[in-house]
Amino acid sequence: MRSGDPDRQFDEFVAHRFPALYRYAYVLTGNQHDAEDLVQEALTRTGVAWSRIRRKDDPEGYVRTTMARIMANRWRRPKLEHLVPGVPETAVDDPGLDRVHEVDGLDAALQALPPRMRAVLVLRYFEQLSEEETARALGCSRGTVKSQASRALAKLRAGMLDDPERALMEDRRGRS
Amino acid sequence: MEDLERLVAGRLQALDGAEPSEDMRERVLGRVNRQVVVRRRRRRAAGSVAGASLVVAGGLTLPSLLPNADEGTAPQPLAVASSKAEQERGQTGGTGPDLGVGQRDPDGTGGQPAPGAAGGFGRDLPTGKMLTVFGIGPDGTVLGTGVGPNGRSDRTLWRTDLSGLLGAPVPVAKADGLYTAAGSGEVTVWPERTDDGFQLMCQGPEGDPVQLGETGVARRASAGFHVDEGFVVWTDRSPGGKVWTARGCADDPSPLTEGYAAGFSFPYVYVLREAEDDAGTGLRRVDVQTGAAEDHEIPATTKDTLYAAADGTFAVADQGSLTVYDTSTWEPETVPDPLPEGDATLTAGDDVIAYTTPDESLVYAPATKTTTPRDGTSYANGPYLLTREGNSFTLTRTS
């Protein structure tokens with residue numbers, strides 16, 4: 001990556017790493033539409049600055065950090081769509097359903113998180129970065145990471161319980 | 001790791017298997033290639049066009065946060081025009097991706113930006129915070145600070161100007177208590193908190209920041225400090241206020257008059273003074289170069305009243321109403337539209353006056369007596385108007 005035509009190098013980098021970068025965008029956003037936008041914007045920024053970035057050892061890391069930062073800085077963007085759990089069907093007594101409901105509720109709660117909180121969770125629990133490393137990646141303080149992660153987890157807990165099916169399940173559990 | 005954290009990690013890992021389809025891959029990579037070409041071209045254009053020659057022909061275009069995210073529904077240009085013809089011109093963009101340079105690319109392939117068109121810049125800062133603008137200078141300089149989701153400032157003064165308008169703002173200084181700033185290409189000034197109030201700091205084109213004056217700067221809405229044509233004008237913290245002036249950062253400050261400097265449009269400083277009766281507010285207009293002064297009186301104002309001065313105009317926003325004085329006749333013109341509610345900033349340019357809250361603004365054109373309410377902030381100075389919609393700022397030359 002240190003010699004040759006820069007534009008060609010960028011094309012090769014993108015062609016080779018696009019699937020992995022898209023998957024990361026999908027983890028960050030949780031849906032295909034936003035993942036497309038995110039990976040597109042991050043690759044565009046990378047392409048514009050490629051002459052500088054290609055001299056670094058880890059262009060993929062640069063793109064990933066760019067995606068995380070774009071995501072984290074979208075906190076004021078109005079959320080127009082929320083993924084919601086499926087329409088509840090008739091409840092049946094099946095212990096395996098508890099796990100399904102739990103996952104449904106968590107997915108919905110994850111999807112409803114503000115982008116910045118979700119980005120922090122992705123870096124902390126998907127990438128397994130420390131608070132310090134997450135702060136560095138997002139360009140914020142460790143305290144911000146800590147508080148965002150804590151608030152995100154609290155929202156997830158609350159969100160799981162807010163889910164009607166989940167609440168129904170808890171209610172059933174309480175009565176049995 | 002707690003159970004919930006493990007569960008979260010598991011759900012996020014489950015999303016890691018999403019493979020892009022071949023169609024989507026082609027589509028995204030095609031857009032990336034086009035956008036890279038367009039943005040590189042914009043950067044070159046921004047670097048090569050002299051600031052003063054930048055003119056937007058017609059209206060504003062508002063670049064989206066993620067270009068090409070929705071090519072068919074990009075926001076229409078907003079006209080801030082003085083005639084119907086200009087308004088019509090302002091709404092004649094193509095449907096291609098927004099180049100952020102005042103024109104649209106009709107075929108979506110990235111056309112050459114027209115000479116003289118200005119562009120926009122994003123709100124994201126490298127610190128992860130969002131740019132909150134304090135105001136703009138008469139040469140289009142944009143100054144602001146970074147604010148996080150909790151409303152906490154990064155205590156950094158950020159700046160961008162026409163030469164770097166399409167790039168990210170750059171940090172100018174760090175200061176405790178930074179609540180506003182003013183400046184142009186030659187001089188940037190901002191307040192810095194001290195043990196007993198605020199002092200005024202000044203940064204010229206070279207060297208380190210210096211403190212202006214020994215008696216601090218008053219923290220009073222609209223009446224603190226101003227910059228135009230390389231002159232700095234400010235009110236100190238003495239009881240009743242004293243107005244000082246300095247040419248650049250290196251000049252020794254000179255006292256100008258008693259009172260509060262409510263506005264400055266070179267060469268005139270507009271100074272609030274006690275009126276002879278309680279029914280009004282005294283307003284002294286002083287020539288900063290000669291010291292020649294003339295006194296006027298405007299209806300009574302309060303400490304919360306906002307003021308702004310421009311060439312031939314002095315504007316007053318008080319109790320939800322905007323009044324604009326023609327400074328050749330001192331005839332008041334009251335704008336009938338109600339002002340947006342909330343903490344506000346009033347700025348005046350050669351052609352428009354902008355009253356802005358953090359969420360909405362009202363732009364008034366005295367020549368045509370027309371108002372344009374806007375979502376997002378607006379700031380005017382000299383021949384420029386800066387507007388924000390969502391996370392995109394656009395600087396427009398109004399004449």
Side-chain angles (χ1 to χ4, degrees), chain A residues 7 10-11 14-15 18-19 22-30 32-41 43-48 50 69-70 72-78 102-103 106-107 110 114 116 118 121-122 124-128 135 138-140 144 147-149 152-153 156-157 160, chain B residues 1-21 24-43 64-70 122-131 146-150 152 154 166-168 390-391:
Chain A
D7 287 341
F10 177 65
D11 290 344
V14 171
F18 183 77
Y22 171 77
R23 285 198 299 272
Y24 187 60
Y26 195 90
V27 172
L28 277 166
T29 59
Q32 181 187 327
H33 182 77
D34 285 346
E36 268 190 58
D37 283 351
L38 185 59
V39 73
Q40 175 190 315
E41 177 63 12
L43 284 174
T44 299
R45 292 186 188 187
T46 304
V48 171
W50 183 250
R69 286 194 175 195
I70 292 171
N73 293 334
R74 289 170 68 188
W75 60 275
R76 288 199 65 163
R77 205 178 179 204
E102 189 174 61
V103 165
L106 179 59
D107 284 349
L110 266 173
R116 189 180 185 84
R118 185 176 173 117
L121 292 190
V122 168
R124 288 284 288 120
Y125 303 123
F126 174 75
E127 295 235 59
Q128 303 282 309
L138 294 181
C140 63
T144 300
S147 65
Q148 290 283 308
L153 292 174
L156 292 183
R157 279 191 200 94
M160 288 167 74
Chain B
M1 196 183 271
E2 289 178 16
D3 284 349
L4 179 57
E5 292 170 329
R6 260 192 288 275
L7 205 50
V8 169
R11 292 315 298 156
L12 292 173
Q13 277 156 11
L15 297 175
D16 193 25
E19 289 296 331
S21 68
M24 185 243 284
R25 179 193 176 109
E26 292 297 315
R27 186 169 64 242
V28 171
L29 295 189
R31 287 173 177 172
V32 167
N33 286 333
R34 285 198 300 273
Q35 281 296 310
V36 168
V37 170
V38 169
R39 291 194 199 179
R40 283 180 180 166
R41 198 175 284 157
R42 283 199 317 206
R43 282 192 166 191
S64 57
L65 177 64
L66 300 180
N68 268 336
D70 191 354
R123 208 177 172 201
D124 297 347
L125 293 170
T127 54
K129 308 235 172 184
M130 307 288 271
L131 181 69
V147 176
N150 298 324
R152 193 171 298 171
D154 61 5
L166 300 178
N391 285 332

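Here is the naming used below: chain letters follow the sequence lines, and residue numbers restart at 1 for every chain.
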Participant: Can you say whether A:Ala15 sits under 4.5 Å from chain B via the side chain, the backbone, both, or neither, judging by heavy atoms?
Facilitator: both
Participant: Ignoring hydrogens, what is the shortest heavy-atom contact between B:Met130 and B:Asn391? Give both atom names and the distance.
Facilitator: CE-OD1, 3.0 Å
Participant: Given that the side chain runs from C-beta out, which part of A:Glu127 has a heavy atom under 4.5 Å from chain B: side chain, backbone, both or neither?
Facilitator: neither
Participant: Assess whether side-chain contact (heavy atoms from CB on, under 4.5 Å) is satisfied between A:Leu121 and A:Leu110, documenting all intermediate values.
Facilitator: CA-CA 9 Å; A:Leu121 292 190; A:Leu110 266 173; 4.1 Å; yes
Participant: Going by side chain to side chain donor-acceptor pair (under 3.5 Å), name the residues that satisfy it together with A:Tyr26, two or more places apart in sequence or in a different chain.
Facilitator: none
Participant: Go through the atoms of B:Arg27 and report whether side chain, backbone, both or neither lie under 4.5 Å from a heavy atom of chain A.
Facilitator: side chain
Participant: Among residues at least two apart in sequence or on other chains, which ones pass side chain to side chain donor-acceptor pair (under 3.5 Å) with B:Glu19?
Facilitator: A:Arg23
Participant: Is chain A contacted by the side chain of B:Asn33, its backbone, both, or neither, given a heavy-atom distance below 4.5 Å?
Facilitator: side chain
